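As the structure is a prediction and not an experimental result, all values here were calculated from the model. In what follows, chains carry the letters A, B, and so on, assigned in the order in which the sequence lines appear, proteins first and then strands, with residues in each chain numbered from 1.
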2 protein chains.
Amino acid sequence: MELTEATPDPGTARPGGRTARVRAAVLDATAEVLAEQGFAHLDLTDIARRAEVGKTTVYRRWGTVTGLVADLLLEMAQQSVPRTETGSLLGDLTANARLVQRTLADPRQGALFRAVIAAAGSDPKAAQALYGFYSARVEEWAPCVEQAAARGEVPDGTDAQEVIRATSAPLYYRLLTTALPLDTADADRAASAAAAAARAGAYVREP
Amino acid sequence: MELTEATPDPGTARPGGRTARVRAAVLDATAEVLAEQGFAHLDLTDIARRAEVGKTTVYRRWGTVTGLVADLLLEMAQQSVPRTETGSLLGDLTANARLVQRTLADPRQGALFRAVIAAAGSDPKAAQALYGFYSARVEEWAPCVEQAAARGEVPDGTDAQEVIRATSAPLYYRLLTTALPLDTADADRAASAAAAAARAGAYVREP
DNA sequence: CGGTTAATAGAACTGGAGTCCCGTTATGGA
DNA sequence: TCCATAACGGGACTCCAGTTCTATTAACCG
């Protein structure tokens, strides 16, 4: 035996031209279905039909619904939005919160995040993609808290990543557990709450 | 024609004895599968097998995976945990946060909440059950903030429900978007952050 | 205690999701 | 430009989730 192994995922050896077009079409169709029907109604045969692609292809390259969603998240993670700097902690956190709020309020993106979070609950691969995504985003924004610490706005020893997470958390919580809309006022409130708690020393790491 | 309508959900006319046993067995099996395999692997035939119940019964009474999950949530919502009163805002919020943390950290309950949140993303019925659940819990705890306002701990006009949500939010965010564990320290941090932000007036309603 | 019928269980059926096989296309390297 | 083969596409096949029909069991009512 010798032809086991050595099949490192289809689409990696010749990623150009047709392969790329197929991937784009499939991921587009996936996002579309997610936005209008949600995660539970995803099925690969339907995706193939919508993307006008052979269903064999979809099954070979992605295999499962969760695998498809995970790949979609990886695709989105590429488009990193650069962090803005305003010179104050509250300003920076507000910019971050508004970015998150806009993303979640958008029907397509909001539906995608719901789906990825759902997929992460049962598929380790999707979970890994999700954790990686948020880890990257949090690290991208953490420096603004460190700068605030340097300016003396927050106590030394403040856990920067925890402050960033605290800014996003209420927005996700509102999206997932209530029927309430998600607007700019929510973003601003989340930012000012996180800033106030940080100034009060709520995120100082334990000794 | 005359026998249309008038079929108000099986299990409502004779809820005793066998019907109740079947429901308990099915919901138990559901929770079990959720805990060990996750939402995506739920299928009604398998649930029927595990519960040692005819699969026709499961399909007739619950119909879909999301319907099953929604009923499980309703069942859980029954066991309302009474609010504790400690005399201070921080104490009350800490009690609340620890309750949430214990719930989410428990494998069965944690998996259930992930599943319900996932189901709510695609099924309106599950979404309704979920929103109702959280609405009830938030209202149960909101009075502790109003008492704090009466004591002068937080400014007048503070949105009590928003404070309660802010206490839970970081715990859910951590559960859903990171691989990090969820322990008592997280609960205490969430509570003190919410208390600090509330004292600073971050949750005062707009005029 | 029966009698009515709500509710369950079994068995047979069906539609479509997921798999397999093999011919076709077109990518990337020479 | 041409070739080897990675990747795609179509059609046939399989298997099981979900449905339908009917017989059986046991709640609730009097």
Side-chain angles (χ1 to χ4, degrees), chain A residues 2-30 33-34 37-71 119 122-123 125, chain B residues 2-30 33-34 37-71 119 122-123 125:
Chain A
E2 50 184 326
L3 41 75
T4 48
E5 313 285 333
T7 310
D9 299 321
T12 51
R14 289 182 184 175
R18 181 167 63 170
T19 299
R21 278 196 304 277
V22 166
R23 187 168 111 107
V26 168
L27 294 187
D28 274 3
T30 303
V33 173
L34 282 182
Q37 307 206 354
F39 176 66
H41 290 74
L42 269 188
D43 97 273
L44 301 199
T45 302
D46 179 47
I47 293 294
R49 233 186 336 255
R50 287 180 183 242
E52 296 182 326
V53 155
K55 78 169 176 172
T56 313
T57 301
V58 178
Y59 280 103
R60 189 181 330 104
R61 287 190 60 183
W62 291 280
T64 66
V65 167
T66 51
L68 187 54
V69 169
D71 192 35
S122 39
D123 181 75
K125 205 135 192 169
Chain B
E2 50 184 328
L3 41 72
T4 47
E5 311 288 330
T7 310
D9 298 322
T12 52
R14 289 182 184 176
R18 181 168 61 169
T19 298
R21 279 197 303 279
V22 166
R23 186 169 112 107
V26 168
L27 294 187
D28 273 3
T30 303
V33 174
L34 281 182
Q37 306 205 355
F39 176 66
H41 291 73
L42 270 188
D43 97 273
L44 301 198
T45 302
D46 178 47
I47 294 293
R49 234 187 335 256
R50 286 180 183 243
E52 296 181 328
V53 154
K55 77 170 177 171
T56 314
T57 301
V58 178
Y59 281 104
R60 188 183 337 101
R61 287 190 59 184
W62 291 279
T64 65
V65 168
T66 51
L68 187 54
V69 169
D71 192 37
S122 38
D123 182 75
K125 205 136 192 168

query = What is the distance, rounded to the nearest whole Å, between atom CG of L42(A) and atom P of dA17(C)?
reply = 13 Å
ask   = Heavy atoms, side chains only, cut-off 4.5 Å: are D71(B) and R61(B) in contact?
value = no
ask   = Does some side-chain heavy atom of T45(B) sit less than 4.5 Å from a side-chain heavy atom of V58(B)?
value = no
key: base_contact_polar (dG9(D) base, K55(A) side chain, donor-acceptor, <3.5 Å)   = no
ask   = So which nucleotide from dT8(C), dG9(D), dG18(C) ends up closest to the side chain of T57(A)?
value = dG9(D)
inquiry  = Any non-hydrogen side-chain atom of I47(B) less than 4.5 Å from a side-chain atom of V65(B)?
reply    = no
inquiry  = Judged by each residue's nearest nucleotide on DNA chain D, which is more toward the 5′ side, T19(B) or V65(B)?
reply    = V65(B)
query = Do any N or O atoms from the side chain of T30(A) and from the backbone of V26(A) form a donor-acceptor pair under 3.5 angstrom?
reply = yes
query = Is Y59(A) near enough to dG18(C) that one of its side-chain N or O atoms lies under 4.0 angstrom from OP1 or OP2?
reply = yes
query = Could you give the CD-to-C1' distance, from E52(A) to dC8(D), as a whole number of Å?
reply = 15 Å
Gap between atoms CG and P, on D46(A) and dA17(C) respectively (whole Å) = 8 Å
key: Selected nucleotide, minimal atom distance to T56(B) side chain, candidates dG10(C), dT19(C), dC8(D)   = dG10(C)
request  = Starting from C1' on dA26(C), measure out to CZ on R18(A) and report it in whole angstrom.
outcome  = 5 Å
ask   = Between R21(B) and dA27(D), does any side-chain N or O lie under 4.0 Å from OP1 or OP2?
value = yes
request  = Please check the phosphate of dT8(C) (OP1 and OP2 only) for any side-chain N or O of R60(B) closer than 4.0 Å.
outcome  = yes
ask   = To the nearest angstrom, how far is L44(B) atom CG from dT8(C) atom C1'?
value = 16 Å
key: Candidates dA7(D), dT19(C), dA17(D) - which lies nearest the side chain of D43(B)   = dA17(D)
message = If you define the side chain from C-beta out and look only at heavy atoms, does anything of F39(A) sit under 4.5 Å from T66(A)?
response = yes
remark   = Whole-Å distance, H41(A) NE2 to dG16(C) P, equals 15 Å
key: Between dA26(C) (C1') and R23(A) (CZ): distance, integer Å   = 20 Å
